[in-house]
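Please read the structure below before turning to the comments.
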Amino acid sequence: MIESVPDSTQTPWWRSAVVYQVYPRSFADANGDGIGDLPGIRSRLPYLAELGVDAIWISPWYPSPMKDAGYDVSDFRSIEPTFGTLDDADALIADAHGLGLKVIIDIVPNHLSDQHVWFTEALAAAPGSPQRARFVFRDGGGTDGDLPPNDWHSEFGGPAWARVTEADGRPGQWYLHLFTPEQPDLNWENPEVRREFDEILRFWFDRGVDGFRIDVAHGLVKDPQLPDVGALVFPSTLEHADGSEHPHWDRAGVHEIYRGWRSIANQYPNPERVFVAEAWVGGAERLARYVRPDELHTAFNFEFLSSPWLAEQLRGVIDSTLAAHALVGAPPTWVRANHDVPRDASRLACDQHGLPPRVAVDDLMERELDPALGQRRARAAALLTLALPGGAYIYQGEELGLPEVFDIPAESRQDPTWFNTAGERHGRDGCRVPLPWTSEPNTNYGFSGLPDPAQPWLPQPDEWGHRSVAAEAGQPDSMLELYRTALRLRRELAVLGDGDIAWLDSPADVLCFRRGPRFVCCVNLSADNFVLPDDWKILLASSPVAPELRPDTAVWVEIDAQLSRPQR
Ligand code: NOJ
Ligand code: CA
């Protein structure tokens, strides 16, 4: 047999953790108002423990006007009333810990809600006041100050500046918002801002959370001169010969902030508290800077998420990720999905050539999709992801094979991207549709726990019943059972999780790598069947292997210690 469970005292939990992302609005709704909530999450924790994940990451649960689905936080020390109370949060943390699950929460340090008391104070205060110095306020350009201070753009479309009305009723200064106008950016040059976030980290560490996912971790520090972005395209033009930086993305100054945060986390050693950075940066080497030994523990590997289902690209990302992380001694993470990108089962359902690196739902709408192909590839992608060294992420519903929902009616859409681009970009609602737990439409497919619930906050498609937890549980061929088996094996086999890989000889479009002496993962991305050596013992296959590894299929196998070679 392959080596068994390692001594958990030797490897910190976060180096191998499989983390399940809970998007609270869409996970489970205990009180029947059509919006997910904390009691709903609590009630489903046993499902997550049984699934076999190690931790959950909960997207923002703080009070919020929900202009960006909770990423517009109005109070970092409380819970959004629609979701529950602080007591619910405490109970959730305790229950999760009781089931052996770690709890990671989201922190959003780049911006606040415009309803946060700091911003209402800033609006009431005068230009140049300490209240305004917590944000990025500037006078406008042009003769009347009616032009934005520079050419920066909001991620959701339109300019990144909004003009305020001063106390005398006249148009006044402008403030920076890299996201919606209701998300004013904080000024991280201001020590008061830094102190405040140190305190927020301590507030939640003291309550028992095991870590934080850092929103827009690459965006906090801006060039104080606020120069125009001009023709700079991020991240491809980052590395200028003259060493200059982008005016607001991935600037060297962010790292000092994270060194401070690491020292706070280190004060809570038992169990170790961790960070994961959401940093969209240009390549593995830039990402590795966030996970140097005195900085953050982990960072999302978006290069892997962005890679098309093409062997050469995937292999390139795997190699560059492993090499860059090895240099700083940090474990890589492997992530294929989250609440910001179209569902993997749909992204994989089309010809992968020529897809842009950050595929938007609009790109998929222009292509012909083959849902069965998407499912087949998503299954293989799951086995690839969970076999790679380090940590892995599962976005809620990925384990059910949920596809992107493309046909959300205009009147139901919620994402600011849709509104700010006048419907030109559809945005992210299609991957945020509430989860199906049962096949009963009259309880919102089990999403809502009370009879006669309100409509879910985003409409669920008719096919949701077939893709529910209840429909898939116990079905040997379902995505859910594939995940359950893979996660069980991952726990049983010491060679999975933290560590390294060794590539095996194989045709160019077949990825084959060894973990330890006897475990092999093999993924066929070619158009041809691939003959597996006779003496390979299949532990798990993403689709039937009969008897060859067919295209878009992955297997986990146990090999003889005397390594057999795959045949060409
Ligand atoms: C990244 C989050 O994942 C996304 O949902 C949000 O809109 C932006 N950051 C702004 O907070
Ligand atoms: Ca609810």
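Whatever order the structure lists ligands and atoms in, that order sets their numbers, starting from 1. Given the structure is predicted, the values throughout are model-derived calculations rather than measurements.
Taking every non-hydrogen atom of Val216 and a distance limit under 4.0 Å, the qualifying atoms of ligand 1 come out as 9 (N). Near His111, with a cut-off below 4.0 Å to any heavy atom, the atoms of ligand 1 are 10 (C), 11 (O). Atoms of ligand 1 lying under 4.0 Å from at least one heavy atom of Phe156, given by number and element, are 7 (O).
Counting heavy atoms under 4.0 Å from ligand 1, residue Trp280 does not touch it at all.
Under a 4.0 angstrom heavy-atom cut-off, Arg213 registers as being in contact with ligand 1. Heavy-atom separations between Arg428 and ligand 1 include at least one value shorter than 4.0 Å. Under a 4.0 Å heavy-atom criterion, Arg432 is in contact with ligand 1.
In terms of distance to the Ca ion (ligand 2), the nearest N, O or S atom of Asp29 is named OD1. The N, O or S atom of Asp37 lying closest to the Ca ion (ligand 2) is OD2.
A ring-centre distance under 6.0 Å is found for Trp188 and Phe197. Between Phe205 and Phe212, the distance separating the two ring centers is shorter than 6.0 angstrom.
Between Tyr62 and Phe76, the ring planes lie perpendicular to each other; the angle is over 60°, past the 30° to 60° tilted range. The aromatic rings of Tyr175 and Phe137 lie tilted to each other, with the angle between the two planes from 30° to 60°. Ring geometry for Phe27 against Tyr20 counts as perpendicular: the plane angle is over 60°, on a 0 to 90° scale with 30° as the lower cut. The aromatic rings of Phe234 and Trp249 sit tilted relative to each other, their planes meeting at an angle between 30° and 60°.
Each of Val317, Val341, Asn338 was scored for a side chain to side chain contact (heavy atoms under 4.5 Å, CB included) with Phe302, with one residue passing: Asn338.
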Does the side chain to side chain contact (heavy atoms under 4.5 Å, CB included) test come out yes or no for Phe179 and Asn110, once each step is laid out? CA-CA 10 Å; Phe179 295 89; Asn110 182 67; 3.9 Å; yes

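Here the angle at the Ca ion (ligand 2) defined by OD1 in Asn31 and OD1 in Asp33 stands at 80°, rounded to 10 degrees.
Given atom 6 (C) of ligand 1, the protein heavy atom at minimum distance is Asp68 OD2, 3.3 Å. When only non-hydrogen protein atoms are considered, atom 11 (O) of ligand 1 lies nearest to Asp215 OD2, 2.7 Å. Summary of contacts: the protein heavy atom closest to atom 3 (O) of ligand 1 is Asp340 OD2, 2.4 Å.
Among the atoms of Ile35, an N, O or S atom falls under 3.0 Å from the Ca ion (ligand 2). Checking Ser448 against the Ca ion (ligand 2), every N/O/S atom stays at or beyond the 3.0 Å cut-off.
Ion pairing of Lys67 with Asp72 is absent here, as no side-chain N (NZ or NE/NH1/NH2) approaches a carboxylate O to less than 4.0 Å.
For the pair Arg336 and Tyr393, the NZ or CZ position fails the cation-pi test of under 6.0 Å to the six-membered ring centre and within 45 degrees of the ring normal.
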